[in-house]
Amino acid sequence: MWDFSEMEFVPAEKIPSIIEGKEKQYAIMSVNIVTVKQTASIVGQSSSYMRFSVRLAEKYKKKKSIYYQDVTFTQKEDDIYLGPIEVFVASCNIMNHYNSRINDEGLISAVLKNAGKLEKKTLLLDKDYIHEDMTKTKIASFYPYPFEIVGTAEIEKALADRNEKYAFVELIPVGTATNMMMHEIYDCKDGYLLSSGELHNGAFDRYSNWINEDHLNAYVKNYERMNRMAEDRK
């Protein structure tokens, strides 16, 4: 899935010498667990994320990475899960960010290139992400485009095949100590963002991580807004 540049898998013990040697032919992608602790209103609560970050080898010791993407969430640091979907989302987000910078595109311009695509794809909804009150009929009343309710394995297969017929919903950590997640819809072929869920996840009134009425309405609303913006820029 990574076609932005050459990629080489190296033993962990080789990394320190690359960093110390400031070898400019390398950039290093790291995967780390980041824990955020609440110190104010919800004292003691914490959340952990998997963070994919990229640093230039010659500047690796600087705190700031070139770009990073958080994926997967847990409130138990020793119980965090990282699977093919999370690797796909993190890698594609980082790679697509770099491509937009090389092409001298702003973030909005890069996203607007994908306007008009969502309605032509079948949206894969992970059954484990759907609110218990939502039935297939109820989902269809809020989301007018093709969709399927599937398991994780079906989404992983669509990503492995880079199947352009499909898109999928992924939950992305916002970065707070609470378990707040953003809903984002990605193309299964190249990982481009096609739409998103309710901004700030309805905080703090109708807060929900699950796929519900608010998020389904937002998928459509934000997609239609993207289409209007793309049309206005022509």
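- The line from OG of Ser196 to CD1 of Ile172 is 11.5 Å long, rounded to the nearest 0.5 Å.
- Here the shortest heavy-atom pairing between Glu58 and Tyr26 reads OE1-O, 4.2 Å.
- At a cut-off of 3.5 Å, with distance as the only test, no side-chain donor of Tyr186 or Glu170 sits close to an acceptor on the other residue.
- Judged by distance alone, the side chains of Asp128 and Thr152 never bring a donor and an acceptor atom under 3.5 Å apart.
- Counting only distance, with no hydrogens or angles, the side chain of Asp161 and the backbone of Asn163 share no donor-acceptor pair below 3.5 Å.
- Remark: side-chain polar atoms of Ser17 are paired, donor with acceptor, to backbone N or O of Lys14 under 3.5 angstrom.
- Looking only at side-chain heavy atoms (C-beta outward), Glu154 and Tyr166 stay at 4.5 Å or farther from each other.
- By the 6.0 Å contact criterion, CD on Glu164 is open, its count of non-hydrogen atoms from other residues, nucleotides or ligands being 12 or less.
- With His183 contributing its side chain and Asn209 its backbone, the two residues share a donor-acceptor pair below 3.5 Å.
- Considering every non-hydrogen atom in both Asp190 and Arg162, the closest pair reads CA-NH2, 3.9 Å.
- For the ring-ring contact (aromatic ring centres under 6.0 Å, His included) test, residues two or more places apart in sequence or in another chain that qualify with Tyr143 are Tyr145.
- Judged purely by atom type and a 3.5 angstrom limit, Asn212 uses its side chain to pair as donor or acceptor with the backbone of His215.
- Side-chain contact between Ile185 and Tyr219 is present, with at least one heavy-atom pair separated by less than 4.5 Å.
- Checking side-chain atoms of Glu224 against main-chain N and O of Lys221 turns up no donor-acceptor pair under 3.5 Å.
- In this structure a side-chain-to-backbone donor-acceptor pair under 3.5 Å is present from Tyr223 to Gly116.
- Considering only heavy atoms from C-beta on, Val169 comes within 4.5 Å of Leu123 through its side chain.
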